[in-house]
Number of protein chains: 2
Amino acid sequence: MREALVAAAFQLFLERGYEQTTVDDIVALAGVGRRSFFRYFPSKEDVVFPDHERCLADMTAFLAAGGEEHEPLARVCDAARLVLRMYTENPAFSVQRYRLTKQVPGLRAYELSVVWRYERAFAEYLRGRFADRPDGTLRADVVAAAVVAAHNNALRSWLRSDGEGDATEAVDRALGYVQSAFGEPAPAPPAEEPEDVVVVVSRRGAPLWRVVREIESTLARTGPSPN
Amino acid sequence: MREALVAAAFQLFLERGYEQTTVDDIVALAGVGRRSFFRYFPSKEDVVFPDHERCLADMTAFLAAGGEEHEPLARVCDAARLVLRMYTENPAFSVQRYRLTKQVPGLRAYELSVVWRYERAFAEYLRGRFADRPDGTLRADVVAAAVVAAHNNALRSWLRSDGEGDATEAVDRALGYVQSAFGEPAPAPPAEEPEDVVVVVSRRGAPLWRVVREIESTLARTGPSPN
DNA sequence: GGCCGAATGGCACTCAGTACCCTCCGATCG
DNA sequence: CGATCGGAGGGTACTGAGTGCCATTCGGCC
């Protein structure tokens, strides 16, 4: 029944457009009563995102299940990959929906509220894990936003290409950037054999970013970057 | 007229709640025709955010006006401070609105779409400035999201405290965190007199974050952190 | 005084969403 | 075997947001 309604809705949305399709049109095509539509979908927008509620529940469960042994940032990145999988499981549907939401302002607004709930789930989890750090809630909010932005950047680029190419790889790249910007990279690098020693000299009082840049260029001169 | 409508709307929203107030109630109290309401505000939600349209225009103008001489990240942070000023110019109004949006889901969704437009403006600007960097659009999107998240974190904490305390200082702290995470800090630190030299030794091949942590602890031992 | 254009008010309409009640159907129990 | 009960679906009427259209009014202008 849910699926019948979703199928009817998308058929009409694609041939007439979202706003030109009324709920009455959908239920007429699906051959069910108008009241039933609102039993399955609280609003007309919901029929466009039929799987996000379940995905959000899965994601919060995933985060709640993870113990202290996981790096917080890596755990959140894995949770984001869960969302990506929902999209890649059904590329054709995802691409259609993307085209729809891109051009209907009302759907874009609705999608924002969905994405916001994912971001809040990330932030809540990170707030818990960062409770002992200074500015824990700030870090949590910023990191959550960065992860969501990176994920969406890669996802949207994949959707724009009609589902061609490797979405997973693109998202990994994007999340890798976030991990390189914030703290420790995900799979705690298995302490490789130290091969060499590099000495970095910096003036005390210089800003940290300059020190880091110096290190990076020194490493680049003397050997492959460990990053 | 706009102000009369806003005043009437907020009076009713505060005494009955947002959803219990109809547009007819508002126009009756303001003594104007129902049709006029929708001439000034495209939707009922818009009356809650009467100044964002102007602020958004100011902000895009501010970003468009900035030349190459500004650090991109610092410029975006300054743009965010522009938004903050809109809130702090009218603390009582901002706090009332915050309480309203916090408990009305429809208003929260609308606020998200407003915030999203700010974030898009940031991202578009940064995409232009990062056009030559590798992964420029990714960096732009992630940095824009981080700036917005940091700004909102500080702003919301100020709003929760009923407008007590220094919002500017809190936002500066939050934006400072973002600037420390991404590239060069804003006001290029005026090359202070080097007083001392510190030598850091690290094994080559160790992950960069470990090197940085080593530097931080070394600096903490030998003198005040430059960060 | 007549004229014009912009701002406003009024009316009627569409459509999303809700409250309430009805029917149908299968299962369970006396 | 028949009565009952509960849940899924259907129907009707209502509220309220948002829109299109037209009448009115008011200010300046010729």
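Note that this is a predicted model, so its numbers are computed, not measured. Naming convention: chains lettered A, B, ... in sequence-line order (proteins, then strands); numbering from 1 in each chain.
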Near-strand residues of residues 101-115 of chain A, defined as heavy-atom separation under 4.0 angstrom from DNA chain D: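 Residues of residues 101-115 of chain A that come under 4.0 Å of DNA chain D do not exist, since none gets that close.
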List for me each residue that meets side chain to side chain contact (heavy atoms under 4.5 Å, CB included) alongside [X], sequence neighbours excluded, and say none if there are none.
{"X": "B:Ser161", "answer": "B:Trp158, B:Glu164"}
{"X": "A:Phe62", "answer": "A:Arg75, A:Asp78, A:Ala79, A:Leu82"}
{"X": "A:Glu124", "answer": "A:Arg120, A:Arg127"}
{"X": "B:Val23", "answer": "B:Val27, B:Arg34, B:Phe37, B:Phe38, B:Lys44"}

Listed partners of A:Asp25 passing side chain to side chain donor-acceptor pair (under 3.5 Å), at least two apart: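 In terms of side chain to side chain donor-acceptor pair (under 3.5 Å), with neighbours along the sequence ignored, A:Asp25 is linked to A:Arg16, A:Thr22.
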Ring centres under 6.0 angstrom apart (A:Phe10, A:Phe93):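 Yes.
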Span of DNA chain D, from the first to the last nucleotide whose atoms fall under 4.0 Å of chain B heavy atoms: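 Answer, 5' to 3': D:dG16 to D:dC21.
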Filter on salt bridge (charged side-chain N to carboxylate O under 4.0 Å, His left out), then keep only pairs touching [range], sequence neighbours left out; what's left?
{"range": "residues 173-182 of chain A", "result": "A:Arg173-B:Asp135"}
{"range": "residues 142-154 of chain A", "result": "none"}
{"range": "residues 46-67 of chain B", "result": "B:Asp51-B:Arg97, B:Glu53-B:Arg117, B:Arg54-B:Asp58"}

Sugar-phosphate or base contact per nucleotide [nucleotides 4-15 of chain C; S, B, -; heavy atom under 4.0 Å]: ----BBB----S
Pairs involving residues 118-143 of chain A, ordered by first then second residue, that meet ring pair (Phe, Tyr, Trp, His ring centres under 6.0 Å) (sequence neighbours left out):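 Listed once each, the pairs are A:His52-A:Tyr118.
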